[in-house]
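Note sheet for the following structure.
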Amino acid sequence: MSDLEITHPSVHDYIAAKKRGDRATTDRIRSEVQARFARRDTDGTEMAELTHASMNVTFGEGA
């Protein structure tokens with residue numbers, strides 16, 4: 001992945017799940033983060049990190 005520092009545990013969990021090819025977990029984490037963002041329970045950095053991870057981590061690359 002590129003040089004964006006990942007600071008949110010949810011995004012670390014998302015990356016690990018995506019690398020192992022765990023679609024159910026990546027979908028759940030994405031839904032949870034989107035819900036927090038929609039409720040404005042987060043400042044947006046979590047969503048930005050998740051978006052970056054979704055574009056830069058290959059599904060199943062760690063399998």
Side-chain angles (χ1 to χ4, degrees):
M1 204 158 82
S2 71
D3 59 352
L4 179 69
E5 181 181 357
I6 303 301
T7 61
H8 294 277
S10 61
V11 181
H12 285 287
D13 293 345
Y14 175 86
I15 291 168
K18 191 166 181 184
K19 285 183 176 181
R20 70 177 178 267
D22 183 347
R23 178 87 55 203
T25 301
T26 58
D27 289 350
R28 178 185 53 76
I29 292 169
R30 185 174 43 250
S31 292
E32 291 170 357
V33 172
Q34 288 171 335
R36 281 193 291 277
F37 183 72
R39 290 188 312 263
R40 302 297 186 242
D41 291 341
T42 179
D43 65 1
T45 58
E46 183 182 27
M47 186 61 137
E49 289 178 14
L50 183 71
T51 300
H52 181 79
S54 72
M55 294 185 328
N56 290 286
V57 176
T58 303
F59 193 78
E61 76 180 18

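FYI, the numbering just counts along the sequence from 1.
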*Check salt bridge (Lys or Arg N to Asp or Glu O under 4.0 Å) between D41 and all other residues, then give those that pass, not counting sequence neighbours.*
R39

*How would you list, by chain and number, every residue that makes a salt bridge (Lys or Arg N to Asp or Glu O under 4.0 Å) with D13, sequence neighbours excluded?*
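By the salt bridge (Lys or Arg N to Asp or Glu O under 4.0 Å) rule, D13 matches no residue at all.
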
*State the CZ-OG1 distance between R30 and T25, to the nearest 0.5 angstrom.*
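OG1 of T25 is found 11.5 Å from CZ of R30.
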
_Separation between OG1 of T51 and CG of N56, rounded to the nearest 0.5 Å_ = 10.5 Å

*Under 3.5 Å donor-acceptor, K19 side chain and V57 backbone*: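 No, because the side chain of K19 does not come within donor-acceptor range (under 3.5 Å) of the backbone of V57.
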
_Run the side chain to side chain contact (heavy atoms under 4.5 Å, CB included) test on Y14 and E49 for me, step by step, so that the C-alpha distance in whole Å, both residues' side-chain angles and the decisive distance to 0.1 Å come before the verdict._
CA-CA 10 Å; Y14 175 86; E49 289 178 14; over 6 Å; no

_Just to verify, what does T45 make a side-chain hydrogen bond (donor to acceptor under 3.5 Å, both in side chains) with, not counting sequence neighbours?_
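By the side-chain hydrogen bond (donor to acceptor under 3.5 Å, both in side chains) rule, T45 matches H8, D43.
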
What pairs of donor and acceptor atoms, side-chain ones from residues 31-38 against any protein atom, are under 3.5 angstrom apart with sequence neighbours left out?
unit_1 : atom_1 : unit_2 : atom_2 : d
S31    : OG     : D27    : O      : 3.1
E32    : OE1    : R28    : NH1    : 3.2
E32    : OE2    : R28    : NH1    : 3.1
R36    : NE     : E46    : OE1    : 3.1
R36    : NH2    : E46    : OE2    : 2.7

_Can you give me the closest heavy-atom contact between I29 and S10, atom names plus distance?_
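Closest heavy-atom pair between I29 and S10: CG2-O, 3.6 Å.
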
*Heavy atoms, side chains only, cut-off 4.5 Å: are M47 and T42 in contact?*
no

